[in-house]
Each structure stands twice: as structure tokens, then as C-alpha cells.
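Have a look at the structure below, then the notes.
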Number of protein chains: 2
Amino acid sequence: MVTIKDVAKATGVAPSTVSRVIADNPRISPDTKERVRKAMKELGYHPNINARNLAVSSTKAIGVIMPSSADKALQNPFFPEILRGIGSVTHSMQYSMTLSSGVTEEEIFNEVERMVYGSYVDGIILLYSKLDDRITNFLHEKNFPFVMVGKPYENATEITHVDNDNYTAGKEITDHLIQMGHQNIAFIGGSKELFVTLDREAGYEAALCDAGLDVYDEYRIHTEFLKSGGREAVERLLSLKEMPTGLVVSDDLISLGVLSMLEESGVSVPSDISLVSFNNVYLSEITRPALTTVDIQIHELGAQSAKVLIEQTVDKSVAAKRIIVPHKIIYRNSISEKGAL
Amino acid sequence: MVTIKDVAKATGVAPSTVSRVIADNPRISPDTKERVRKAMKELGYHPNINARNLAVSSTKAIGVIMPSSADKALQNPFFPEILRGIGSVTHSMQYSMTLSSGVTEEEIFNEVERMVYGSYVDGIILLYSKLDDRITNFLHEKNFPFVMVGKPYENATEITHVDNDNYTAGKEITDHLIQMGHQNIAFIGGSKELFVTLDREAGYEAALCDAGLDVYDEYRIHTEFLKSGGREAVERLLSLKEMPTGLVVSDDLISLGVLSMLEESGVSVPSDISLVSFNNVYLSEITRPALTTVDIQIHELGAQSAKVLIEQTVDKSVAAKRIIVPHKIIYRNSISEKGAL
DNA sequence: CTGTTAGCGCTTTCAT
DNA sequence: ATGAAAGCGCTAACAG
């Protein structure tokens, strides 16, 4: 391995000088810089990151933590997409990113501990928000730089987070359904433990209220992702005395399952029932019908979190922030006008 | 930060002893081990990974490189799934994993260079196989430990890789279609640059030949993922004088697009046309109809690569290997019997 | 069984 | 503008 010493020797300067050249220190003469750089190139010198990390006690690396149900969760295109968003900024700032790989909460907690105590990373991005979460609490207590994607359950003013305005998004998309003449609108959401679900549901509710429509408890269904989840939700729906004509589904992936089961049950979308959802993952344009959905700009969510986290790691004194990434409804064809009836 | 010295002082032993306790060195008396461990716990000691890495010049980290078209590619559930597979073993062996984040080939190449020269990682997993690939060549020349998922174009005997038997898989699934009475069978594949496509296509061809069926060039279509790709392929298909009754599609994600376009064109699957594909990603059971597809055990593909890579990094002398992960046809309902006609 | 010592490669005062 | 030297936290001979 070519070290700084080799370069120094080859150039006839001291190691410290070489180090300064690497840092592009202004008080090194252009001439020596030139010579040192030439030698580095010739010898094929590359800095050893561990030595550097050790000396400056910083790593230029950030850790990305997936939710503990990672096996299922990772199936949601949301995650690859947000990873890309994070990657785009870590890459441009020459940071590297380390992914959590644990499955159980316990495993992940241990990984986080190692990351923090072992100086693996300078900061952490949490890809979920959970009530009373051990990892969140740990990071918060230790005062370790981290940002959360989503809304924190506690200490929201002290925890930097980047989120959408899911309440408003839920309201707007439900409004749209109402504008199209629908009055019986049901909500199908993911886990009630997740703030996203709650926020979107609250928006749905508010839209109904504002329009003077009743909110029925049987019209609010909570379920899992994928096929099984879709089945369950659709069965519940079909068993209702009065079938809704509109459906607000809190995640495109759930919509997929719902769509599939609906078709199996002979209910056609959008002619029998209209459906809208959230996220605008790439799948939502391939489904039949293509989904009208809220684009939450997943990539941007990731990019913003990485950006603010890095800011935070370089200057630990900056105050906690909330960053809201704007959303936008994407109109496709999973809705039909109800006015005609 | 609590260091090894603090623990040493607190216990009244030498730092090296503490180090040995960490390594669980057998020649330390159980008694001192006990005391040292107690002190570590009390002081809240955690080893500094960078110092350790520097001292032993190894990192217990592996780099995972995505293909350069990562933006699109990452959308394929194949990637999250293989990441999970990799993660399951890195996690169990206490390794960490660093993801590439570049988009262009140039960017990724630079990342790889940094990983290798900067001692970021002990080994690298390449999640693609490309002809005349700069990164592959670099790694191969440098003799840096790496494994490839898929089949190398060159130096296959010198490059450890883990792959499926895509040829046989293609043959078997095509055979199945033939058994079901189909004679006009087309192939829709992804990029011809990819070995997977080529292998599966070769298997398709072999099955036709073995059955004494003709192989038409117009029956072999190459396309992109997702909607646009599906459209194009289906248009080509519909423009044929003789429409095939069977379709072998080289990737579930492509099937999704094809399915969607087929339905739009009023062609029904499986009654008008039967379709089979590859990968068995979770989507394939949500589509309508659910896909008969070859399960290539993506998770296992990832796990095996991580496993063999780690073996290779600890003992650089082990010979290059080829590991074939078995496949299995998953029967669902995108096929109908053609015999009746 | 344990302590001493010398690095690993880089950065960073402190001199000059 | 540059060099000398100490030190980041840990490991690994080498002694004993």
C-alpha cells in the first residue's frame, strides 16, 4: 500500500506537507503542491480512509435504518426509491451509506449501537416513525445526529424530520373524490401504528366533515400490505350493507392488492367503485386501471433527509428542523364521475 | 469516549490484556476476563471500529454495487430482495454493508476505486454482469476480492459468481408451455446485453427445437422494463401475421407491463394467450392473472454471494467458484391448456 | 497468563 | 511555507 510517507519520500518533503496538499491547504506553495500531486499520481497513492477517520474522528458515512419489519417493508418500492434519494446526495457530497440489515427490532438496535458507539457513521437516517421506539429514544438521549423520515411521536420539536403534509394530502385527494360526486367514501389504511396512516386518515375525515358527509366507523379499514391484506379489506368492504362508491387507500401497494381482490370479486374499478391512493410509486401507472394517486416525492424525501443530516453532522449546533416536502395529485383513471347517477 | 486504556486503568491491567479479552483470547484467565468485562460494562466501553480497522487492516464491511442504470433497475423488486439476502448473512457475521449510490458508470467506478484503494471494504458484490465492464476488469486486475451475481462474460473460471441455471430454467418453463399444447410461443426479453436474457432465451430456443418446433426471429422481442417496454413489445406482437398463443417473458416486471398492455388491447390472459415468466417477485402473485413463473430464489442468491465473498476475504487463497442456486417453477394461473383446440 | 512496545496511516499542533 | 513529533484507539509481536 502506498502511504503518505512514500509520497513524501518521493517528493522530498515531510508527510505533513503531503497531508496538507491533500487538504489543499492554502499555505503550501503552488510549486510543491504540483510536485506532490504528481508523485501521488505516479505512485498511485490513495488515502486510507480508516487512518483518516481515526485521526479526525469522523467518518463521512451515514447509516440508514429500515423499519424492523424490513422483510415485508422492503418490498414496498417506497424504500428503494428513498434509498436512491439519499444516495444522490451522499454521493454528491462524497459520503458513503451503510444500510441496516437486521430483521428484528433487537437486531437493529444492536446495529445502531455499534454504529453510534463504534464510530461507524457520523449520522443516521431513520426510515420510519414508531411510537415509543427504542432506537429513536436511544439516538435522542445520546444526542447523536439523526433525522427521521416521517413525523416523530414525541419530541417533535427536538427531532429533525422530513415529512409530507399527509393530513392535507389526505384531505385533498378525498375532496377530489367528493368533487366527482362520491358520497360514500371508505378509507383503507395500513397499520394504525404509523403516523402516515393516521395523518392521511385524519385528512380523509376532515374532507368528509367539511363536505357535511357522515363518517362511519365501518368505513375505515386497517390492513396489511399485499395480497392477503387486500383480500381481508375487500371482504370487509363487500360485507357492508351499503357499499361505498369511493375508496381512499393509504398506499399504492395496498391498492394493488385491493384492486386484485376487487376484480376477483367482480367489482370493477372505476365503474363500480372509484379508488385513489398515495405515493405514486412506479407501479401505479402499470396497474389496471392506472391509479390516481398523491405523488409524495419519495426521492426528494430521501434527498432532503440526507442533506439536512449532513448539515447537522458538520455543525452539531444547528437547531432541529421540520422539512415538509410538497405533494401533488397525479390524475389517472381509477376514478369515475358519480354525478351522473 | 471510553477507550481501551480507561478500561485497563480501571481494572489495573494492561491495554493489551483488555484487547485480548475483547478477542476472547483463551490465554487470559477467566478471572481477569470477568473483571475486565465488568469494567467495560460499567464504563460503557465500546470498541472504536476505525482504530481496529486501521490496526488489523480489515474492515468487516462489504460493498454492494448496483448496475449503473440504478434509477430504473432499483425499481425492480429483485434488488431490494437480493439486498435482504446479502444483509441476512452480513448481519449474522457482524459485517456491515455499504451501498453504491452513483448513477452513471463513471460515478460508480469512482466509488469502487475509493472502496478498494481507501480500504473502505474487504470485498465487493457486483449485482450485475456486463460485457467488457470497467469495474469488473478493475477488480479482477487488482485481484480484489469480489463476487458477481450472474455469469461473467470473461474469465468465468477466475471470477467467483453465483447464478441460476437460467438456460435450464428457460427450457423447463418453455417445455411446460409446450406440454400445455402451445406451439406458437414467443419470447419477450430484457436487454440483449444481459446474460440472464441470453441464457433464458437460449433455453426457450432449445425447448422449441427439442420439441421439433420452429424458432422464428419475429417471435423474439427485446424490450425495456415497465409500461413503455410492455407497450412496444405488445404492439410488435399484435402486428404479427400469426399471433403466438404462448409467451415466455424474461422478467416478472416486464410481464406486468405486458399484461397491462395486453388487456388494454383486448387480449385476455390466459384465455387468448398464455404467459410465463421469471423471478417470482412478490408482485407476481398480485397480478391478474397471477403469474406462473420461475422462482429463482433471489434471497438465496444474495445470501450465497455474501457468504462466499466473506469466505474469500478471510482466506484470499481459496479458488474462484461458481455457485448455482436452484430454481423452481411456481404454478399459478397465467396459463391455459391449448390442447382442446 | 500478562505487560511492554511498536506500529497501522493520517492529521495537527508547535516550531522554525 | 515546511518539518518534527505526538497522538487518534487498537492490535500484535516479543518478553517474561
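In what follows, chains carry the letters A, B, and so on, assigned in the order in which the sequence lines appear, proteins first and then strands, with residues in each chain numbered from 1.
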Check whether more than 12 heavy atoms from other residues, nucleotides or ligands sit under 6.0 Å from atom NZ of A/K307, and answer yes or no. no

Are A/F144 and A/Y117 close enough that their ring centers fall under 6.0 Å? no

With a cut-off of less than 4.0 Å, is there a side-chain N or O of A/T32 near OP1 or OP2 of D/dT2?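 For A/T32, the contact criterion (side-chain N or O under 4.0 Å from OP1 or OP2 of D/dT2) is met.
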
Modelled atom types, side-chain donor and acceptor of [X] and [Y], under 3.5 Å:
X: A/D133; Y: A/Y153; value: no
X: A/T59; Y: A/D122; value: yes
X: A/E113; Y: B/H46; value: no
X: A/S16; Y: A/S19; value: no
X: A/S29; Y: A/D31; value: no

Using the heavy-atom set of chain A and a strict 4.0 Å cut-off, write down the first and last nucleotide of DNA chain C that makes it in, 5' to 3'. C/dG9 to C/dC14

Using the C1' atoms of five pairs at each end, what's the angle between the two axes of the helix from C/dC1-D/dG16 to C/dT16-D/dA1, to 10 degrees?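 The two end axes of the helix from C/dC1-D/dG16 to C/dT16-D/dA1 meet at 40°.
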
Considering all heavy atoms of both residues, which atom of [X] and which atom of [Y] are nearest to each other, and what is their separation?
X: A/S305; Y: A/V147; answer: CB-CG2, 3.5 Å
X: A/V149; Y: A/L301; answer: CG1-CG, 4.3 Å
X: B/Q312; Y: B/A319; answer: NE2-O, 4.2 Å
X: B/T313; Y: B/I310; answer: OG1-O, 2.8 Å

Can you list, in residue-number order, the parts of residues 35-43 of chain B that come under 4.0 Å of DNA chain D, counting heavy atoms only?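 Contacts with DNA chain D under 4.0 Å: none.
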
Hey, can you pull the residues of residues 3-28 of chain B with a non-hydrogen atom under 4.0 angstrom from DNA chain D? B/T3, B/I4, B/S16, B/S19, B/R20

Would you mind listing every salt bridge (Lys or Arg N to Asp or Glu O under 4.0 Å) that reaches into residues 40-57 of chain B, with sequence neighbours excluded?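 For residues 40-57 of chain B: B/K38-B/E42.
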
Give a yes or no on whether the backbone of A/V103 and the side-chain of A/E107 come within a donor-acceptor separation of less than 3.5 Å.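 Judged by distance alone, yes, a pair lies under 3.5 Å.
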
Mark yes or no for whether A/E158, through its side chain, and A/A320, through its backbone, hold a donor-acceptor pair below 3.5 Å. no

Would you jot down, in residue-number order, the residues of residues 45-61 of chain B having a non-hydrogen atom under 4.0 Å from DNA chain C? B/L54, B/A55

